[in-house]
Amino acid sequence: MADLHTSIPASLKVALEDEVRRTKSTISSVVSAALSQYLAMPVHTLFQVSTSGALVAGIYDREVCVRSILQHGDFGLGTFANLDGEMIVLDGKVYQMQGTGRVSEASPDAGTPFAVVTQFDPQIDVETEPVASFEDLENCCDKHRNSGNIFYAIRLDGRFKRVHTRIVNPPQPGTRLVDAARAQSEFSFSDIGGTIVGLWSPGFSSAFSIAGYHFHFLSKDRDHGGHLLDVEAGPLRLQVEALTDFHLALPESEAFLKADLSKNTAEELAYAERAHQENGNA
Ligand SMILES: [Zn+2]
């Protein structure tokens with residue numbers, strides 16, 4: 001959040017105070033809402049392209065480009081056309097993390113079939129306890145979520161003892177996500193500085209989104225990363241933003257318009273999002 005000191009006509013100040021009393025909110029939130037409307041800049045809004053169900057069904061073609069993703073947010077997650085790696089959006093830059101382990105800044109013209117971004121503006125900024133596992137990380141973040149029915153954007157920065165990630169490799173066109181996920185590359189890093197970009201989505205959103213936590217990692221030197229499978233770290237800086245607006249942009253491609261997306265894909269998605277070590281897959 002940034003501070004604003006300004007002069008306004010006395011009549012507007014009276015009206016502003018009336019509105020604060022009427023809505024039982026704060027000057028800050030009324031001014032933010034008014035400016036957001038006037039400047040057509042949504043705040044605390046998650047912007048998503050396509051649905052997780054479409055991704056699960058194998059709709060991986062380019063739907064929008066990186067340039068337009070950045071118009072809707074500076075922070076988030078996603079993947080690239082033909083499932084060519086994991087996307088992480090951090091500080092207004094989009095990085096492509098490919099199955100070879102290569103990490104590069106994506107060109108503005110690169111295409112994506114699925115991405116979720118927001119203009120990151122955290123209300124919470126704290127230091128966590130040391131984190132011993134993925135479950136521990138979830139528990140740390142849980143402490144700063146006061147609802148199970150809205151979305152949250154989460155950023156963690158610091159030094160990591162151990163990070164285990166996976167990166168998808170491009171499958172044959174039309175392969176369902178659950179099969180594509182079997183050909184993922186996995187990476188382990190130790191004693192590494194970096195950032196975790198995370199989103200938490202409510203259970204009811206599983207029809208179109210990835211319910212629960214979804215984290216991607218990017219190293220401080222921007223050379224390593226991936227979809228987070230496991231983690232161990234000392235205290236981390238944790239920033240959390242509650243998101244109460246959601247914008248879903250549906251693709252207009254032939255593949256999306258003609259696909260049968262009526263099936264509940266939450267289980268297949270949960271499998272694709274998890275670690276596969278238990279099955280011995282690479
Ligand atoms: Zn991911």
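Predicted model, so just to flag it, every value in this text is computed and none were measured. Computed from heavy atoms alone, side chains included, the values below leave out hydrogens, waters and symmetry copies.
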Testing the 3.5 Å rule here: is there a donor-acceptor pair between the side chains of D221 and S219? yes
Pair E241 + R155, salt bridge at N-O below 4.0 Å: no
Just so I know, are the side chains of L12 and L16 near enough to count as touching, which here means a heavy-atom distance under 4.5 Å? no
Supply the atom-to-atom distance T118 OG1 to F246 CZ, rounded to the nearest 0.5 angstrom. 10.5 Å
Gap between atom CD of Q48 and atom OG of S205 - 0.5 Å precision: 8.0 Å
Is a donor on one side and an acceptor on the other found under 3.5 Å between the side chain of S50 and the backbone of L250? no
Nearest heavy-atom neighbours spanning L83 and Y60: CD1-CZ, 3.4 Å
F217/F187 aromatic ring centres below 6.0 Å: no
With a 4.5 Å heavy-atom cut-off, do W200 and C141 have their side chains touching? no
Answer whether the closest heavy-atom distance between the side chains of K220 and T195 falls below 4.5 Å. no
Which pair of non-hydrogen atoms, one from V168 and one from E86, has the smallest distance, and what is that distance? N-OE2, 3.1 Å
Minimum heavy-atom separation for I167 and G225, please, with both atom names. CD1-O, 3.7 Å
Sub-3.5 Å donor-acceptor pair from the side chain of Q123 to the main-chain atoms of A242, do we have one? yes
Might you work through the side-chain contact (heavy atoms from CB on, under 4.5 Å) test for D74 and F120, ending with a clear yes or no? CA-CA 7 Å; D74 59 4; F120 191 54; 3.8 Å; yes
Keeping R62 on the side-chain end and V64 on the backbone end, is there a donor-acceptor pair under 3.5 Å? no
So if you build clusters from Ile, Leu, Val, Met, Phe, Trp, Tyr with side-chain heavy-atom gaps below 4.5 Å, do L218 and M87 land together? no
With distance as the sole test, does R159 use its side chain to make a donor-acceptor pair with the main-chain N or O of A233 at under 3.5 Å? no
Checking V49, L199, V89, I69 against V116 for side-chain contact (heavy atoms from CB on, under 4.5 Å), the one that qualifies is L199
Is there a donor-acceptor contact under 3.5 Å from the side chain of E63 to the main chain of F256? no
Before accepting this row, confirm whether a basic side-chain N of the pair K13/E17 lies closer than 4.0 Å to the acidic partner's carboxylate O. yes
Using 30° and 60° as the class limits, which term best fits the ring planes of H224 and F189: parallel, tilted or perpendicular? tilted
Return the orientation label for the Y213 and F215 ring planes: parallel under 30°, perpendicular over 60°, tilted otherwise. parallel
Residue from D125, T128, D157 passing side-chain hydrogen bond (donor to acceptor under 3.5 Å, both in side chains) with R237: D125
Heavy-atom nearest pair, L77 first then V197, reads CD2-O, 3.5 Å
In terms of heavy-atom contacts, L243 and Y152 come closest through CD1-C, 3.9 Å
With a 4.5 Å cut-off on side-chain heavy atoms, are R162 and S188 touching? no
Count I, L, V, M, F, W, Y as connected when their side-chain heavy atoms are under 4.5 Å apart, and connections chain through other members. Are V56 and L261 then in the same cluster? yes
First locate atom CD1 of I192, then atom NZ of K161, and finally report the distance between them rounded to the nearest 0.5 Å. 15.0 Å
Student check: side-chain heavy atoms of P170 and D84 closer than 4.5 Å: yes
Give the minimum heavy-atom separation between G198 and F75, together with the two atoms involved. O-CE2, 4.0 Å
Say you draw a straight line from CD1 of I154 to CG of L137; how long is it, rounded to the nearest 0.5 Å? 8.0 Å
Shared ILVMFWY cluster between V117 and L156, side chains joined below 4.5 angstrom? no
Test your reading of the model: is there a side-chain donor-acceptor pair from E129 to the backbone of D136, 3.5 Å cut-off? no
Checking L90 against R222 for the side-chain contact (heavy atoms from CB on, under 4.5 Å) test, could you report, in this order, the C-alpha distance in whole Å, the side-chain angles of both residues, the deciding distance, and whether it holds? CA-CA 10 Å; L90 183 60; R222 308 297 188 240; 3.7 Å; yes
T165 side chain vs L228 backbone, donor-acceptor pair below 3.5 Å: no
Given side-chain contact (heavy atoms from CB on, under 4.5 Å), test I124 with L238 step by step and report yes or no. CA-CA 8 Å; I124 292 170; L238 168 66; 5.6 Å; no
With a 4.5 Å cut-off on side-chain heavy atoms, are H214 and H227 touching? yes
Mark yes or no for whether S185, through its side chain, and G99, through its backbone, hold a donor-acceptor pair below 3.5 Å. yes
pair F80-V66: side-chain heavy atoms closer than 4.5 Å: yes
Tell me if the CD atom of E135 is crowded by more than 12 foreign heavy atoms within 6.0 Å. no
Side chain T45, main chain V43, donor-acceptor under 3.5 Å: yes
Linking I/L/V/M/F/W/Y whenever any side-chain heavy atoms sit under 4.5 Å apart, do F134 and F160 land together? yes
Between CE of M41 and OG of S32, what distance do you get to the nearest 0.5 Å? 11.0 Å
Between CG on residue L177 and CZ on residue F114, distance to nearest 0.5 Å: 10.0 Å
Side chain of S209, backbone of A211: donor and acceptor closer than 3.5 Å? no
Heavy atoms of other groups near E252 CD, more than 12 under 6.0 Å: no
Indicate, with yes or no, if V94 and I196 share a hydrophobic cluster defined by side-chain heavy-atom contacts under 4.5 Å among Ile, Leu, Val, Met, Phe, Trp and Tyr. no
